[in-house]
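Below: one structure, written as structure tokens.
Just so it is clear, the model here is predicted, and its values are computed rather than measured. The sequence lines fix the lettering, A, B, ..., with proteins before strands; numbering per chain opens at 1.
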Amino acid sequence: MDYQPSAIEKKWRQFWKENKVYKTNNESDKPKYYVLDMFPYPSGAGLHVGHPLGYIASDIFARYKRLQGFNVLHPMGYDAFGLPAEQYAIQTGVHPAVSTAENMARYRDQLDNLGFCFDWDRQVNTSDPNYYKWTQSIFLKIFGHYYDNKTQKATAISDLITIFEQEGNFNVEAATSQEELFTADYWKALSPREQEDILMNYRLAYRKTSYVNWCEELGTVLANDEVKDGVSERGGYPVTKKPMLQWALRITAYAERLLTGLDNVEFSDALKTQQQNWIGRSQGAKVFFEIDQHDEKIEVFTTRPDTIYGATFMVLAPEHELVQHLTTADNKTAIAEYLAYTNSRSERDRMADVKTVTGAFTGAYAVNPASGKPMPIWIADYVLAGYGTGAIMAVPSGDERDARFAEKFGLGIIQVIDQSAHEGAEIGDKVGTLINSGELNGLKVKAAIKKAIYILEEKGIGEGKINYRLRDANFSRQRYWGEPFPIQYDKNNVPHAVTDLPVELPKLDNFKPTKEGKAPLARATDWVNEGGMTREIDTMPGFAGSSWYFLRYMDPENMEEMFSEKAVNYWQQVDLYVGGAEHAVGHLMYSRFWHKFLYDLGFVPTKEPYKKLVNQGMLQGVIEFAYVLKEKQDGQMVFVSADKIQEYEGQEMTQIPVLIDFVSDYGSDSSYLSAEGIEQFRNWRSDYKNAQYITNAAGNLVTHSEVGKISKSKYNVINPDDVVAEYGADCFRLYEMFLGPIEDSKPWDVKGITGVSKFLRKLWALFYNEDQLLVTKEKATKAELKALHTVIKKINHDVEQFSFNTCVAAFMIAVNDLRKLNCHKEEILTPLILLLAPFAPFTTEELWHKLGNEGSIHAYGQYPKHDEHYLVESTVEYPICINGKKKTTATFEATATKDELEKQTLALEEVQALIAGKTVRKVIVVPKRMVNIVVG
RNA sequence: GCCCCUGUGGCGGAAUUGGUAGACGCGCUGGAUUCAAAAUCCAGUUCUUUCGGGAGUGGGAGUUCGAUUCUCCCCGGGGGCACCA
């Protein structure tokens with residue numbers, strides 16, 4: 001019988017389904033293990049060959065753990081809210097729920113086709129009201145809590161209100177944007193609206209004005225991704241920043257815990273540093289500067305309070321709230337002009353152009369609290385509104401940017417650090433001795449920083465402070481296809497929690513924003529005004545549903561709770577999380593934040609959601625381009641073969657991606673459109689129908705290949721189903737693992753798959769010859785046992801290391817060895833297929849049954865362990881080296897110790913001849929490797 | 001500019017973590033089989049050579065008996081952050 005993957009795979013897919021082989025229970029005598037994949041967004045393009053890379057790896061690991069006797073949770077679901085479905089709806093009128101359901105069904109088919117061991121009874125869908133009911137419920141919990149810095153814990157807002165009623169906010173230490181202090185009497189006298197405004201400064205989910213990318217022409221808010229060079233990606237219309245009252249999550253309250261928590265998880269160093277940079281902790285001081293003729297003070301953050309004597313001017317971000325207020329009459333025009341200038345520059349322009357120094361003087365002066373000298377107050381866009389306080393004290397003798405600014409505008413420079421004793425050191429290195437700095441003179445930088453903070457605190461004009469780059473997360477989206485907020489506003493615009501959950505998305509047939517630019521949900525007027533109040537019409541962002549889905553898998557059908565205490569106490573946390581590095585900061589940071597919040601409230605027993613994380617690299621594709629002349633000729637497009645473009649020198653060319661199905665020798669350097677391919681290409685788009693095609697001598701249009709993202713818009717999506725149809729799912733799985741280390745990005749290339757395909761047929765041939773089953777009960781020889789145990793040792797080691805490419809190589813070697821030994825013995829083959837079962841589930845299931853076993857190999861629960869006994873030789877041949885150069889070889893007892901080997905080596909006549917007359921300095925014995933004699 | 005990762009045959013990539021560099025696969029070259037092709041099988045395949053060897057893991061130094069592996073400098077590729085006070 002030939003190896004026929006399609007027949008085998010169909011059979012076992014059915015068997016697994018009927019017998020619920022992968023059903024996981026929340027109760028078991030076995031130890032638990034939780035393997036999680038980042039769930040996909042079910043896009044219209046379907047699954048492509050890149051998606052399964054991580055899924056295959058985690059599937060192998062899950063099956064491996066199951067065979068080792070663990071109770072493995074390995075679920076899958078869909079991150080089903082998102083922009084593409086909404087845009088599709090706007091274009092076609094198909095409701096996002098409908099297109100999403102279709103896409104999910106397609107994904108499911110494609111995933112099943114690859115033989116994954118997901119427990120589909122636990123499927124989660126973030127757009128299902130039974131799921132987002134709990135997302136809304138968590139939001140309300142966040143809304144109902146503030147962060148108490150004393151206990152380092154989320155605490156109920158009701159507790160805070162009690163404190164306010166008893167003693168005001170004098171003793172409250174919280175993560176807050178509340179600056180004013182107030183008494184209990186003051187609090188009690190406030191209107192509900194005023195009280196709520198204050199509470200908003202404490203709530204972990206709160207409303208604040210933030211800026212969005214607004215496109216007047218499209219009448220909608222755009223994501224950063226949708227804005228290119230200051231204009232909308234669609235249509236190229238201008239985009240401006242528009243202030244909008246939006247929900248935000250106070251993730252900054254958890255900055256320190258998110259940072260220190262990294263010490264206790266197994267993430268790659270690269271990922272940890274990325275998260276550390278994102279949080280961006282820096283230690284310094286906040287300092288208040290008085291302003292001449294004004295009551296307000298300017299607050300700045302500085303990491304170098306020691307340089308305060310060198311602060312000769314101040315710079316505010318153009319968006320700083322005091323700018324208008326401080327500007328004097330004669331400077332109004334200049335400031336207005338500068339504000340107009342910065343407003344015209346997109347964020348990208350501002351970032352790209354670091355060299356140009358710009359700014360404007362407000363006419364106002366602050367006072368240097370240390371030296372008492374006046375400091376002109378300027379505005380400049382090198383100071384960012386979003387970082388620190390949006391204002392700096394400028395120390396031109398210390399900071400390079402301040403120096404450039406002072407130089408350009410002729411502002412004073414005072415040297416405050418003597419670095420003569422520290423040649424070549426930068427000020428940022430925190431070395432040197434303070435000069436021109438009053439009481440700080442003579443101190444080393446580190447000591448000066450401490451003393452400066454002490455003095456600031458003593459004078460009551462500043463204090464030591466830790467600043468984070470991390471910003472609170474914007475939590476509002478002006479979209480339809482997301483979780484509605486469970487919030488209603490009363491007539492005083494005070495938000496109230498809606499406790500009757502879920503708040504379901506109302507049905508709409510138009511998903512565009514309203515004419516006034518309001519979010520699409522404003523169209524559902526009855527829904528908005530239900531119950532005499534006004535509903536929040538924004539929806540939650542994509543990261544809401546994905547921030548806790550791994551917990552729902554533990555108890556997905558629970559209608560009373562998010563998940564039961566029992567379930568979460570059993571599964572604890574994700575043991576292994578596999579997913580793309582593109583989520584390094586966004587999703588991972590937000591879900592860690594939510595998890596810590598739930599921990600504070602006692603819902604989860606662990607501080608971190610993920611114990612270990614593996615980032616799989618991106619599988620890239622080859623994009624095929626056809627060259628086309630920029631200028632049409634006689635109204636027609638002219639396509640030019642890549643090997644003929646020299647003939648068109650001086651004429652501008654552009655490249656158009658070509659659907660790879662038309663391309664011959666796809667992916668190679670010499671890919672081309674044959675006459676037939678050109679014909680298909682002509683019929684692809686009406687524009688190309690009558691175009692001219694300048695082909696080469698062979699009549700082909702040579703295309704240009706580039707490695708890039710696999711994407712629908714690049715026409716290079718390869719459906720795994722097609723590969724599976726040709727080679728089988730097991731071959732596909734093994735091949736994707738064989739491509740290289742799981743963390744590396746690499747281009748998809750089908751060239752090498754024949755090698756893996758051959759391997760599977762060779763494996764099959766160990767069992768079958770034509771129709772005859774070759775397997776015997778004969779006792780295995782020593783050589784056969786050695787071949788087997790070598791591979792067992794290797795596989796167990798590599799699977800733990802997540803090194804699957806080397807596993808596949810080891811299998812190939814084992815099968816080749818057994819073929820050479822003509823081994824068809826059950827004693828050898830049973831462990832071999834057990835070993836292979838995680839990698840090639842269908843084939844091994846078939847062979848397992850052929851060996852007369854019942855049930856599923858994947859539920860067997862006894863992964864083979866290697867026995868060192870079979871690997872030990874009686875004698876070992878050692879290379880003998882003199883000073884590292886191999887001179888001869890000698891055979892020794894395998895059991896010989898290092899000392900014995902050394903003695904025996906030196907006793908050899910041949911060796912004595914080699915070292916004749918020279919002094920032996922030392923003998924180095926590397927077990928099982930070599931003996932090196934160092935002479936001379 | 002800063003941070004992280006990375007550089008090995010024609011290609012994807014191995015190297016037990018300092019111990020025989022190039023496992024395994026692709027490709028290529030021979031050969032067997034075949035009327036022929038596909039498929040399959042066997043052998044070879046880092047470069048160089050006067051067939052003794054010699055060189056060799058981006059380049060240069062260093063540590064070591066010994067370096068793809070550790071240290072420093074430089075160059076190239078990828079990713080992240082970005083006027084961060």
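Taking the C1' atom of each, B:U8 and B:A14 are spaced 10 Å apart, rounded to whole Å. The same atom, P, is picked in B:U57 and in B:C47; the two are 15 Å apart, to the nearest Å. Rounded to a whole angstrom, the distance from the P atom of B:C24 to that of B:U45 is 12 Å. Look at the P atom in both B:C26 and B:G19: the space between them is 29 Å, to the nearest Å. Atom P of B:G12 sits at a distance of 15 Å from the matching atom of B:G27, rounded to the whole Å. Nucleotides B:G25 and B:G18, compared at atom P, are 28 Å apart to the nearest Å. Rounded to a whole angstrom, the distance from the P atom of B:U33 to that of B:C28 is 22 Å. Here the separation of B:C72 from B:G78, taken at their P atoms, is 24 Å to the nearest Å.
When the nucleotides B:A39, B:C65, B:G12 are ranked by their closest atom to the side chain of A:V934, B:C65 comes out on top. Candidate nucleotides B:A23, B:C65, B:C83 were compared by shortest atom distance to the side chain of A:A809, and B:A23 ranks first. When distances run from any side-chain atom of A:R401 to the nucleotides B:C41, B:A23, B:C84, the shortest one goes to B:C84. When distances run from any side-chain atom of A:I392 to the nucleotides B:A85, B:C3, B:C83, the shortest one goes to B:A85.
Under the Watson-Crick or G-U wobble criterion, with both distances below 3.5 Å, B:C81 is paired with B:G1.
For the OP1/OP2 pair of B:C83 and a distance below 4.0 Å, the side-chain nitrogens and oxygens of A:R404 include no atom meeting the criterion. Contact annotation: A:N805 reaches the phosphate of B:A14 (side-chain N/O to OP1 or OP2, under 4.0 Å). Side-chain nitrogen and oxygen atoms of A:K758 include at least one within less than 4.0 Å of the OP1 or OP2 phosphate oxygen of B:C26.
Looking at A:N932, its side chain comes within 3.5 Å of the base of B:C65 through a donor and an acceptor atom. Side chain A:D381 to base B:C83: a donor-acceptor pair is found below 3.5 Å.
Atom NE2 of residue A:H320 and atom CD1 of residue A:I298 lie 6.5 Å apart, to the nearest 0.5 angstrom.
Proximity of a side-chain donor or acceptor of A:K746 to a complementary backbone N or O of A:D744 within less than 3.5 Å is detected. A donor-acceptor pair under 3.5 Å is formed between the side chain of A:S268 and the backbone N or O of A:L271. Side chain of A:T790 to main chain of A:K786: a donor-acceptor pair is present (N/O by atom type, distance under 3.5 Å, no hydrogens or angles).
In this structure, A:L739 reaches the sugar-phosphate backbone alone: every heavy-atom distance under 4.0 Å involves primed, P, OP1 or OP2 atoms, never a base. Here A:P747 lies out of heavy-atom contact (under 4.0 Å) with every strand. Residue-level contact check: A:K762 touches the backbone only, with heavy atoms under 4.0 Å from sugar-phosphate atoms and none from bases. Residue-level contact check: A:M812 touches the backbone only, with heavy atoms under 4.0 Å from sugar-phosphate atoms and none from bases. A:T754 comes within 4.0 angstrom of sugar-phosphate atoms only, judged by non-hydrogen atoms across all strands, and of no base.
Going from atom CZ of A:R819 over to atom P of B:C42 covers 6 Å, rounded to whole Å.
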